[in-house]
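No hydrogens, no waters, no symmetry mates; every other heavy atom, side chains included, goes into these values.
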Amino acid sequence: MKILVVEDDKTVGQYVKRGLTEAGFHADLVGDGAEGLRLAAGGQYDILVLDLRLPALSGFDVLLLTAQDAVDFKVQALKMGADDYVTKPFSLEELLARVEALGRRPKAIAPPVLHVADLTLDTGSREVRRGAKPIELTPKEYAVLEYLMRHHGRVMPRTLITEYAWDYHFDPGTNIVDVVITRLRKKIDHGHEPKLIHTVRGVGYVVKA
């Protein structure tokens, strides 16, 4: 079983990689989310071990290693597609046991495809379509849209959107979320009905039909 470890802390990453290798797995290690996504998209790995807070792109999929152990963070991670969740500091024995349990699951389980009206987002291939038309998105546009679609019908505050899409690496005084939303509207709602991206003034944004 091939495992990709995505962890920006070199000490933790090497510790996890060594433990997985010694347990008989083939493990590769990268230090940021963007590189992890690039490798994972090739479909060569059975399991990803992702840190939550990563440079370039945050990790929210399969198995999460994070210093955030509050219950609401765990619930959020699991709702966003994680198969399991381990908090730091963690026991290597527990991590190995969870990885082995994931490896025993049927391989035919497909990554979820999110739907809102005729808008679809495939979390496996990262393809986005409005009807039959494919939509090209930047990584940040994709992250914001995915977050809103996973919470479709719920108004999501700007602070939560930025925490997810920018992983705290942003200036809270900027209007970067509004800029990305504007670009998403042009790509997704322009020329289509119904409009799916809505502003709730003073609160945030919601995706709904």
*Stepwise, does the side-chain contact (heavy atoms from CB on, under 4.5 Å) test hold for L184 with V144?*
CA-CA 9 Å; L184 283 173; V144 171; 3.9 Å; yes

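- Looking only at distances, a side-chain donor or acceptor of D122 sits under 3.5 Å from a matching main-chain atom of S125.
- Heavy-atom contacts from other residues, nucleotides or ligands closer than 6.0 Å to NZ of K133 number 12 or fewer.
- A 4.5 Å side-chain heavy-atom check between L4 and V30 finds at least one atom pair inside the cut-off.
- When the side chains of ILVMFWY residues are joined at heavy-atom separations under 4.5 Å, either directly or via intervening members, V116 and V206 end up in two distinct hydrophobic clusters.
- Among all heavy-atom pairs drawn from H192 and K195, the shortest one is O-NZ, 2.9 Å.
- With salt bridges taken as basic N to acidic carboxylate O contacts below 4.0 Å, none links D118 and R129.
- In this structure the side chain of F25 never reaches within 4.5 angstrom of the side chain of K2, judged on heavy atoms.
- Taking the side chain as every heavy atom from C-beta outward, D189 and R130 approach each other to under 4.5 Å.
- Around CD of E193, the count of heavy atoms belonging to other residues, nucleotides or ligands within 6.0 Å exceeds 12.
- Follow the hydrophobic side-chain contacts under 4.5 Å out from V200 and you never reach L196; the two are in separate clusters.
- In K187, the NZ atom is crowded: over 12 heavy atoms of neighbouring residues, nucleotides or ligands sit closer than 6.0 Å.
- One hydrophobic cluster holds both V180 and L114 under the rule that ILVMFWY side chains link at heavy-atom gaps under 4.5 Å.
- A 4.5 Å side-chain heavy-atom check between T123 and R150 finds at least one atom pair inside the cut-off.
- Following chains of ILVMFWY side-chain contacts shorter than 4.5 Å, one can reach I135 starting from Y147, so the two form part of one hydrophobic cluster.
- Side-chain atoms of L148 and I181, non-hydrogen and from C-beta on, do get closer than 4.5 Å to each other.
- No single ILVMFWY cluster, assembled from side-chain heavy atoms under 4.5 Å apart, contains both I161 and V179.
- In the displayed structure, H152 atom NE2 is contacted under 6.0 Å by at most 12 heavy atoms of other residues, nucleotides or ligands.
- Residues L20 and L92 have side chains not in contact (no heavy-atom distance under 4.5 Å, counting atoms from C-beta outward).
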